[in-house]
Amino acid sequence: GRDLQHRVKDVENFWKTGKLDPVSNVQFGAGGAGTFSDGKLTTRVNDPIMGHILQAFVDAGAPREILTEQKPHVGTDKLRLMVTGLISQIKQAGGEIRYETQVTDFRVDPGRGLVAVQLNGRDWLDTNAVILACGHSARDTYKALLQRAVHLEAKAFAIGVRIEHPQSLINRAQYGPFASHPRLGAADYALIYHDKETGRAVYSFCMCPGGQVVASASEKEGLVVNGMSPFKRDTGLANSALVVSVDPADFPEGPLGGMEFQRKYEHLAWSISRDYRAPAQTSRSFLEHTVPDLKVDFKPSYRPGLVATDLRKVLPDFVTDSLEHGLMAFEHRLPGFGRKGLMIGVETRTSAPVRINRGEDGQSVNCPGLYPTGEGAGYAGGIMSAAMDGYHQSHRLIARFAKP
């Protein structure tokens, strides 16, 4: 991907025109997919190093309040400043960042493990240690690793839609009579429903208070949606992924079966408009099985635009059946959630569909020198857990080479 300044322009151009750049987009470029997100700095993982990581983010330009907030976030705007600060620190420490430089192959010696990586299909860089933090959308990387017999396995993830509401509806549902109090800010939610009929979990994911739904494709002829929000969370709209669990039994066999499963439904979603306008319908029309419509009492945030579509045409039956049951359950918990929302498809990149297997020393189980790291390697699920995994992987690498 490209540097931050060019990447922001490329993404904005895609949202305006529907012209995707597969090299520079919401998934690829400086800061990774997190650059265009809510910038949540929460995690279920409890590790003493988390305080150190938050302080490092503050030193790089993140707001100081992330050190004390219960649910810290930086928003996409502050996150870009933080990424710029981290890049500056890397360069000051003697590091080099090579933009638009793609790892395209790996040279593996049967006796020694990893000995080189290929860049842009031309140049080889000799090495005996690589921290591979490729992100969960680096499908070309997964394929190259598999071709070199590096051990991969398919893993569970989730797919579904983004659902958008007026932020005022979520505030009323969560705060009641105090919904307009200026000290409360934009309300969030976390919902989960275990569907006895389908045996699936239906849940909200990556909830973005005061945010927007964004076009997040990284491949031509594949449509993906995600969510992001600014630091102030002041767009007046709330959105969240509403997804259903899938596991390796649901998709083709092989380590890359989940990846192809994602790709299938991303292509289906793209084929509705063939120009990155997203298939969408009101949650009411979805629940009532009526003609799909886009009639909501707010202006949808997704660009380049929407096409009224029966979402059952672009997602597996078990996913849409589970979504229907989940929406009815969530309506009882948050009045208006299931009846006054707009569902936009498809959300498929909730987490990596692959795990790059590694041992206790952090290295690939059958390719010494390769240190699979973070969300793309199947060992993290957000900014903080990925940062923590990167910290520990770097220390495992240091321990390998350090003098006693």
Side-chain angles (χ1 to χ4, degrees), residues 1-4 6-7 10 20-35 83 86-87 90-91 94-110 112-155 217-220 222 255-256 258-260 262-263 349 351-358 362-380 386-387 389-391 393-394 396-397 400-401:
R2 297 196 173 108
D3 64 75
L4 196 58
H6 287 94
R7 183 185 178 199
D10 293 337
L20 174 68
D21 185 341
V23 169
S24 181
N25 48 63
V26 169
Q27 305 289 351
F28 303 145
T35 301
V83 168
L86 290 170
I87 288 169
I90 290 168
K91 290 180 177 179
E96 179 185 357
I97 298 173
R98 301 187 183 187
Y99 295 107
E100 298 182 66
T101 305
Q102 184 177 11
V103 173
T104 47
D105 203 353
F106 302 84
R107 183 175 292 152
V108 180
D109 182 276
R112 293 186 293 158
L114 183 69
V115 295
V117 292
Q118 187 187 55
L119 307 177
N120 291 339
R122 299 186 303 272
D123 305 321
W124 285 94
L125 184 66
D126 294 336
T127 180
N128 59 355
V130 167
I131 291 180
L132 181 68
C134 57
H136 66 29
S137 293
R139 292 170 171 173
D140 59 293
T141 308
Y142 295 147
K143 187 175 179 181
L145 290 169
L146 190 62
Q147 289 174 339
R148 298 302 171 204
V150 175
H151 201 290
L152 314 176
E153 65 180 8
K155 62 178 277 291
S218 61
E219 293 182 341
K220 291 190 174 181
L256 304 187
M259 187 182 85
E260 295 305 328
Q262 289 175 327
R263 187 174 269 156
R349 310 280 183 93
S351 66
V354 170
R355 177 169 288 115
I356 307 171
N357 301 92
R358 70 189 189 195
Q363 299 180 70
S364 162
V365 293
N366 71 335
C367 183
L370 185 69
Y371 291 77
T373 304
E375 195 161 351
Y379 292 97
D389 194 58
Y391 175 92
Q393 282 290 80
S394 68
R396 291 177 185 120
L397 186 151
R400 177 179 158 206
F401 294 103

Quick one: does any side-chain atom of [X] pair with a main-chain N or O of [Y] as donor and acceptor, under 3.5 Å?
X	Y	answer
Lys220	Leu20	no
Arg358	Gln363	no
Glu96	Lys91	no
Arg7	Val26	yes
Asn25	Gln27	yes

Do the side-chain N and O atoms of [X] and [Y] include a donor-acceptor pair separated by under 3.5 angstrom?
X	Y	result
His151	Asn366	no
Gln102	Asp140	yes
Ser137	Arg349	yes

Minimum-distance pair of heavy atoms, taken over all atoms of [X] and [Y]:
X	Y	value
Pro353	Gln262	CG-OE1, 3.5 Å
Val354	Leu152	CG1-CB, 4.1 Å
Ile131	Ser394	CD1-CA, 3.8 Å
Arg2	Tyr99	C-CD2, 3.6 Å
Val117	Phe106	CG1-CD2, 3.8 Å
Val23	Phe28	O-CB, 3.5 Å

(request) Using the side chain to side chain contact (heavy atoms under 4.5 Å, CB included) rule, pick out the option among Thr373, Leu114, Thr141 that qualifies with Leu132. (result)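 Between Leu132 and the candidates, side chain to side chain contact (heavy atoms under 4.5 Å, CB included) is satisfied uniquely by Thr141.
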
Does the side chain of [X] reach to within under 4.5 Å of the side chain of [Y], using non-hydrogen atoms?
X	Y	value
Val115	Asp126	no
Tyr371	Arg400	yes
Pro255	Glu153	no
Asn128	Phe401	yes
Leu119	Val103	yes

(message) Under a 4.0 Å threshold between the charged nitrogen and the carboxylate oxygen, would Glu219 count as salt-bridged to Arg139?
(response)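 Salt bridge flag = yes for Glu219 with Arg139.
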
(message) Regarding Arg98 and Asp123, does a basic nitrogen lie under 4.0 Å from an acidic carboxylate oxygen?
(response)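 Salt bridge: no.
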
(request) Verify side chain to side chain contact (heavy atoms under 4.5 Å, CB included) between Ser351 and Lys155, making sure each step is shown before the conclusion. (result) CA-CA 9 Å; Ser351 66; Lys155 62 178 277 291; 3.4 Å; yes

Distance check, rounded to the nearest 0.5 Å: [X] atom [atom1] versus [Y] atom [atom2]?
X	Y	atom1	atom2	value
Leu145	Leu256	CG	CG	9.5 Å
Leu146	Arg148	CG	CZ	11.0 Å
Asp10	His6	CG	NE2	8.0 Å

(request) List in chain and number order the residues that pass ring pair (Phe, Tyr, Trp, His ring centres under 6.0 Å) with Tyr391, two or more places apart in sequence or in another chain; answer none if no residue qualifies. (result)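 So Tyr391 forms a ring pair (Phe, Tyr, Trp, His ring centres under 6.0 Å) with His52, His395.
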
(message) Against the six-membered ring of Tyr379, is Arg355 placed for a cation-pi contact (under 6.0 Å from the centre, within 45° of the normal)?
(response)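 That pair qualifies as a cation-pi contact.
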
(request) Just jot down the salt bridge (charged side-chain N to carboxylate O under 4.0 Å, His left out) partners of Arg396, sequence neighbours excluded, or say none. (result)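 Applying salt bridge (charged side-chain N to carboxylate O under 4.0 Å, His left out) to Arg396 gives none.
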
